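The structure appears below as C-alpha cells.
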Amino acid sequence: EEQVLIIREKVAELYESEGEWSKAAQMLSGIDLDSSMRLVDDKFKLSKCVQIARLYLEDDDSVNAEAFINKASFLVSNSRHEVLNLQYKVCYARILDLKRKFLEAALRYYDISQIEKRQIGDETIDEEALEQALSAAVTCTILAAAGPQRSRVLATLYKDERCLKLKVYPILQKVYLERILRKPEIDAFAEELKPHQKAFLPDNFTVLDRAMIEHNLLSSSKLYKNISFDELGTLLGIAPQKAEKIASRMIYEDRMRGSIDQVEAVIHFEDDTEEMQLWDQQIFGLCQSLNDILESMGNKGL
Amino acid sequence: SSDAIFYYDEAATARSQQEKPWANDPNYFKRVKISALALLKMVVHARSGGTIEVMGLMQGKADGDAIIVMDAFALPVEGTETRVNAQADAYEYMVDYSQTNKQAGRLENVVGWYHSHPGYGCWLSGIDVSTQMLNQRYQEPFLAVVIDPTRTVSAGKVEIGAFRTYPEGYKPSDEPVSEYQTIPLNKIEDFGVHCKQYYSLDITYFKSSLDSHLLDLLWNKYWVNTLSSSPLLNNGEYVAGQISDLAEKLEQAENQLAHSRLGPFLTPSQRKKEDESQLAKITRDSAKITVEQVHGLMSQVIKDILFNSVRP
Amino acid sequence: SLIRQVSSLLRRLPAIESEKFQDDFLMEYNDTLLIAYLAM
C-alpha cells in the first residue's frame with residue numbers, strides 16, 4: 001500500500017501540474033485511508049481529505065468535494081494544525097456556496113475574513129485574501145433569501161468598516177437600507193458573480209434575479225401601504241403574475257407581512273409597527289428635516 | 001485644567017496603596033467621581049441586559065477620600081443576583097482584559113464593580129454585600145455601583161448608587177441616610193436585613209473637553225429624541241409591574257391593619273404611627289408613579305397639539 | 001431649494017391621521033387618567 005500511495009501522489013501531482021484537477025482528485029481518492037494494513041494518523045487523513053476536496057472544488061464539483069469534507073469534519077474538531085483547519089474552513093464555505101446555501105456560506109466566509117494572524121504555518125495570509133473572503137461573504141448574503149436572518153448578517157457586514165473599500169459596498173448599502181435596486185446596479189453586481197451564482201432555477205429565473213426581486217418586493221412593502229400587481233410588476237421588471245406568485249410565497253413563508261386581494265389584483269402590505277411608534281417615527285423624521293432646514297439656512301447666513 | 005483628572009499619577013497611587021488610609025476608617029471614602037464615558041458605558045450595558053442583571057468592572061484611581069472612575073468594561077456574566085459569586089465566571093476574562101489594558105498604556109487599576117438592578121432600585125442585596133465585603137478585604141480601594149436601567153428610562157435620569165460596605169460586625173454610629181426609594185415587595189426582605197451593612201457615597205460626574213464638545217454636538221439632536229419618544233409606550237410593562245407591587249403592598253397593609261386591631265400590644269398612638277408610615281410609603285409610591293405617568297401624558301398631548309393639530 | 005424643503009416639511013403635517021391612532025391615543029390618555037384616579 002505504501003508504494004501505491006507514493007505512485008498515486010506522484011501521478012496526482014502530474015495531473016495537478018496539467019490542471020487536470022478532477023483526475024488528480026480521483027487519483028488521490030483511491031488511497032485507502034481506513035486500511036487496517038497500516039496505521040494512518042489523523043493528520044495525514046485530514047490533509048488528504050482536504051486536498052482532494054480542494055481539487056474537486058477547482059472544477060466546482062461540490063458533490064464529490066462535500067463527500068471528502070464531511071469525512072474531514074470528523075477529524076478537524078480535534079486537529080491542532082491551523083493550516084489544515086483554515087483550508088478545511090475555506091473548502092466548507094465554498095461547498096455551501098456552490099450548494100446555494102448562501103447564508104451559511106456567508107457566515108463562514110465572514111468568519112474566515114476575520115482571521116487576525118498573518119502567518120499560519122508556512123502560509124502567509126495576505127490582506128487581499130481576507131478582502132476576497134469578505135467580498136464573498138457580502139455577495140452570498142445578498143444572494144440569500146430575504147428575511148430576518150439575512151438582515152442580521154447584512155447589519156453585521158454593513159457595520160464592518162472594512163466593507164467600505166469593497167467594490168460591492170454600494171449594493172450592500174442599498175440592500176441593507178432596504179432601498180429599491182435599479183436594473184443597472186443589478187447588472188453591474190451580476191458581473192462579479194461566479195458561474196454557479198448565475199445559474200438558472202427551475203422557474204427560469206437566476207439566483208440573482210430571485211434575490212433581487214424579493215429584495216425589491218420587501219423594499220416596496222416599506223414604501224407603500226398597497227400597490228396593484230400591474231404597478232408592482234413594472235416596478236420589479238417582471239410580469240404581474242410572477243410578482244403575485246413571489247409575493248404570496250414570501251407572505252406564506254412569513255418573510256413579509258401583507259395580504260393579497262386577488263379580485264382587485266392588489267397587495268396590501270402590513271406594518272406591525274404600533275401606531276404610536278409610527279407616530280414617533282414620523283415626528284422623528286419631521287424634526288430631522290426641520291433641523292436640516294435650519295442648518296442649511298444657517299449655512300446660507302439667513 | 002478639566003482634563004487634569006485624566007492624568008494617572010502612578011507614584012501617588014503606589015503611595016496610597018502603601019499608606020492604606022482607608023484601613024483605619026470604615027467611612028474613609030465619601031465621594032465618587034464618575035467620568036461621562038464610564039457612566040454612558042455602564043448605563044448602555046445595563047440596558048442591554050433587559051430584565052437580567054449584568055455586571056462589569058470599573059477602572060480608575062483613589063484620590064484622597066474620593067474614588068475616581070475613569071472607565072468601565074462589561075464582564076461576560078449574567079444573573080448576578082442568582083448566584084453567590086457570579087464574578088467567578090469571569091476571572092480569566094478580567095485578568096486578560098486588565099493585562100491587555102496595561103499593554104495598551106491604560107495604567108488605571110480596577111477600582112470597583114458595577115451591576116444592574118432592573119426595575120427594583122439601587123441598593124445592595126445580601127449577595128451584593130458579601131461580594132463587596134470580599135472585594136474590600138482583598139482589593140482595596142474597591143467600590144460597588146448599582147444601576148437601575150428601567151427606572152433610568154422612566155425617570156429620564158440615571159438611577160445609580162455607589163456603596164461601600166462596613167467590616168464584618170461593625171455597627172455604624174448613625175443610621176445611614178439614603179434618599180427614599182420604592183423597594184418592591186419581593187425584595188423588601190433582602191433590602192431590610194442588609195441596609196445597615198453598607199453606606200452610600202455622593203456621586204459627581206466629570207467629562208473631558210472632548211467629551212464636552214461631543215456631548216454638545218449630541219445635544220443639538222437631543223431635542224429630536226425627546227420629541228420623538230413616548231415614555232408611556234416604552235415603560236408600559238415596568239409601570240404595570242409597579243402598580244401590581246403597589247396592590248400587593250396595599251393588600252398586606254390592609255391585612256396588618258385588620259390584624260393589629262386584634263393585637264392589643266401596640267399603644268393606639270404607636271399603632272397609628274406604624275400603620276401611617278406603611279400607608280404613607282404606599283401613598284408616596286403611588287404618587288410617584290402617577291406623576292411620571294402624567295408627565296408622559298403631558299408630553300403626548302403637547303406632541304399631539306404640535307404635530308397633529310396643523311391642518312393644511 | 002430651501003422653500004421647497006419647507007413646503008415638503010409642511011406637507012408632512014399632520015404627522016399622523018388615522019382612526020387607529022385616535023383610538024390608541026385616547027386609550028393611552030384614559031389609562032393614564034385611570035392611574036391618576038387610582039392613586040388619588
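No experiment lies behind these values; they were computed from the predicted model shown. So you know, we letter chains A, B, ... as the sequences are listed, proteins then strands, and number each from 1.
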**Report entry** Side chain / backbone / both / neither for Leu9(C) at chain A, heavy atoms under 4.5 Å
**Finding:** both
Query raised in the report: Within a reach of under 6.0 Å around CG of Leu164(A), are more than 12 heavy atoms found that belong to other residues, nucleotides or ligands?
Result: yes
**Report entry** Residue part contacting chain C, namely of Leu290(A), when any heavy atom lies under 4.5 Å
**Finding:** both
Query - Atom OH of Tyr29(C): over 12 foreign heavy atoms under 6.0 Å - result: no
Report summary line: Rounding to 0.5 Å, atoms OG (Ser8(C)) and CD1 (Ile293(A)) come to a distance of 6.0 Å
Query raised in the report: Taking atom CE of Met276(A) and atom CZ of Phe21(C), what is their separation to the nearest 0.5 Å?
Result: 5.0 Å
Requested in this report: Can you establish whether the number of heavy atoms outside Lys167(A) located under 6.0 Å from its atom NZ is more than 12?
Outcome: no
Query raised in the report: Just how far is it from atom CD1 of Ile16(C) to atom CD of Glu275(A), taken to the nearest 0.5 Å?
Result: 4.5 Å
Query raised in the report: Take atom NZ in Lys194(A); do more than 12 heavy atoms of anything else shown fall under 6.0 Å from it?
Result: yes
Query - Spacing of NZ belonging to Lys300(A) relative to CG belonging to Leu2(C), to within rounding of 0.5 Å - result: 5.0 Å
Query raised in the report: Within a strict 4.5 Å, meaning less than it, do heavy atoms of the Gln5(C) and Ser296(A) side chains meet?
Result: yes
Requested in this report: Indicate yes or no: at least one non-hydrogen side-chain atom of Gln282(A) is less than 4.5 angstrom from one of Arg12(C).
Outcome: no
Query raised in the report: Is the count of non-hydrogen atoms from other residues, nucleotides or ligands lying under 6.0 Å from Glu253(A) atom CD greater than 12?
Result: yes
